[in-house]
*Asks:* 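This is the structure, below, for whatever I ask next.
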Amino acid sequence: VVTYNTLINGSFRWQSSSNAIQLLEIMEKSSVRANAVTHNIMIKGLCGEGKIEEANKALRKMVQSGFSPDSITYNTLINGYCKVGDMCGAYKLLEEMLQKGIKMDIVTLNTVLHYLCKDRMLGKAIALFRFAPRKGYMLDEVSYGTMIVGYFNNEKVDEALKLWDEMKKKGIFPSLVTYNSIIAGLCKAGKINEAFSKLNEILNCGLLPDETTYNTLIHGYCMEGKLEEAFQFHNKMLENSFKPDAITCNILIHGLCKEKMVDKALKLFNKWVSKGKTIDVITYNTLIAGLCREGKIDMALELFGEMEEKKLGPD
RNA sequence: GUCCUUUGUUUUCUA
């Protein structure tokens, strides 16, 4: 069943729910029985595609098969409801969970913190963040990372940095994700040099930056109009054998368009395509926006036609 | 004591 679980989960991640469901059906026809993890994977996968109804069906099936939803099940569903904006649904589930005697854990708490921050209720998030330890919750790296991002998104740069220090003082060592978060925040605040110095800190800690790290910094430089530096980072990425991805491409194209260099953006785009690298809807949207701004509507429409050919549905 | 599942980080449009 572990084999099937791994495959089903991977299928959701890299293919689609229909492939995953097929695998589940194959498993059901065999002598292998689904376990609680299988059900949790199904629920998560369906939530991930925004199919809340289907996820609920999967939940019912789980119960029918004799499994009790656990905290992972509930956390998954609560996150799913929040993701589609159904806070009432999420709240109902939370109550149901508590009624069944399943305690909120740090994951539940972090999920709530995240959506409070996202829905511009930073104040409530802060209150919860400060109150939780008194209730026995051990704030972890995700809690801190979530709040740091929340502060940055509300332009509270100093507070974000204060939390960063507080976290370290507590002996929680930032992982790459948290470093990426603070780099993004510093970039957004226009503190690109401080963001850059965090990259050195990453290396000194023995961590390795990833594509997100580079993309974030490249984006930071682009936003400042420093395209030279942005492309230097792009080259550095290649040197260090990281693979610039569609996001990298989108960032660079956007940066070029912003500086009224749509022609160069188009060149980059063509180069990217000819190398067989992936592009996506956002690539097209970015280029089309750049072209429209310059009044080159016919070229924009040409790209629009290409989108349909490539089955990248315009949105 | 080992495998699988839940939370945080990067890109596009409205001045």
Side-chain angles (χ1 to χ4, degrees), chain A residues 1-10 12-13 34-45 47-48 55 58 62 67 69-80 82-83 97 104-115 117-118 125 139-150 152-153 167 174-188 195 198 209-220 222-223 230 233 244-255 257-258 265 279-290 292-293 300 314-315:
Chain A
V1 68
V2 173
T3 316
Y4 275 108
N5 286 346
T6 309
L7 281 167
I8 293 172
N9 189 44
F12 268 120
R13 199 179 187 74
N35 63 12
V37 174
T38 317
H39 288 103
N40 285 337
I41 290 173
M42 292 307 296
I43 292 169
K44 179 202 113 189
C47 282
M62 179 180 190
F67 294 99
D70 58 10
S71 60
I72 295 185
T73 317
Y74 278 106
N75 286 336
T76 307
L77 277 164
I78 289 171
N79 184 51
C82 288
K83 204 178 267 175
M97 171 176 158
M104 263 180 87
D105 60 14
I106 192 66
V107 174
T108 326
L109 184 87
N110 289 339
T111 306
V112 174
L113 285 177
H114 178 241
Y115 287 101
C117 288
K118 204 170 194 187
L139 298 176
D140 64 8
E141 204 204 331
V142 176
S143 321
Y144 275 95
T146 304
M147 292 308 298
I148 288 171
V149 171
F152 273 123
N153 287 339
M167 177 179 73
S175 67
L176 186 60
V177 171
T178 310
Y179 267 108
N180 287 341
S181 306
I182 198 156
I183 288 175
L186 289 168
C187 285
K188 185 178 282 185
K198 290 292 173 203
D210 65 2
E211 281 78 7
T212 300
T213 319
Y214 281 103
N215 287 339
T216 307
L217 280 165
I218 292 173
H219 183 235
C222 283
M223 289 202 307
F233 262 98
D245 54 13
I247 297 182
T248 319
C249 177
N250 296 341
I251 292 169
L252 290 170
I253 286 180
H254 185 240
C257 288
K258 221 178 89 192
I279 48 167
D280 59 14
V281 193
I282 296 183
T283 319
Y284 277 101
N285 285 343
T286 308
L287 259 179
I288 288 173
C292 285
R293 197 171 2 162
D315 59 10

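Letters A, B, ... are given to chains in the order of the sequence lines, protein chains preceding strands, and every chain is numbered from 1.
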*Asks:* When the distance from NZ of A:Lys118 to C1' of B:U7 is rounded to whole Å, what number comes out?
*Replies:*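 It works out to 12 Å between those atoms.
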*Asks:* Have A:Asn79 and A:Lys44 got a donor and an acceptor in their side chains that come within less than 3.5 Å?
*Replies:* no
*Asks:* Heavy atoms, side chains only, cut-off 4.5 Å: are A:Asp280 and A:Thr283 in contact?
*Replies:* yes
*Asks:* Would you mind reading off the distance between A:Met104 atom CE and B:U7 atom P, rounded to a whole angstrom?
*Replies:*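 So the CE-P distance, A:Met104 to B:U7, works out to 15 Å.
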*Asks:* Rounded to whole Å, how long is the line connecting atom OH of A:Tyr74 with atom C1' of B:U7?
*Replies:* 18 Å
*Asks:* Scan nucleotides 8-15 of chain B nucleotide by nucleotide, 5' to 3', and note B when protein non-hydrogen atoms come under 4.0 Å of the base, S if they reach only the sugar-phosphate, - if neither.
*Replies:* BBBBBS--
*Asks:* Which residues satisfy the ring pair (Phe, Tyr, Trp, His ring centres under 6.0 Å) test with A:Phe67, sequence neighbours excluded?
*Replies:* A:His39
*Asks:* Return the value, rounded to whole Å, for the distance between atom CD1 of A:Ile72 and atom C1' of B:C4.
*Replies:* 10 Å
*Asks:* In this structure, how many angstroms lie between the C1' atom of B:C4 and the CD1 atom of A:Ile43, rounded?
*Replies:*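 Checked: the CD1 to C1' distance equals 15 Å.
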*Asks:* Might you work through the side-chain hydrogen bond (donor to acceptor under 3.5 Å, both in side chains) test for A:Asn153 and A:Lys118, ending with a clear yes or no?
*Replies:* CA-CA 9 Å; A:Asn153 287 339; A:Lys118 204 170 194 187; over 6 Å; no
*Asks:* Rounded to the Å, how far apart are A:Asp70 CG and B:U7 P?
*Replies:* 14 Å
*Asks:* Tell me the interatomic distance from A:Phe67, atom CZ, to B:C4, atom C1', rounded to whole angstroms.
*Replies:*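 So the two atoms are 14 Å apart, to the nearest Å.
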*Asks:* Atom CG of A:Asn9 and atom P of B:C3: how far apart are they, to the nearest Å?
*Replies:*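 Taking atom P of B:C3 as the reference, CG of A:Asn9 is at 15 Å.
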*Asks:* So, OP1 or OP2 of B:U5: does either fall under 4.0 Å of a side-chain N or O from A:Lys44?
*Replies:* no
*Asks:* Without swapping roles, check the side chain of A:Glu141 against the backbone of A:Ser175 for a donor-acceptor pair under 3.5 Å.
*Replies:* yes
*Asks:* If you define the side chain from C-beta out and look only at heavy atoms, does anything of A:Asn75 sit under 4.5 Å from A:Thr111?
*Replies:* no
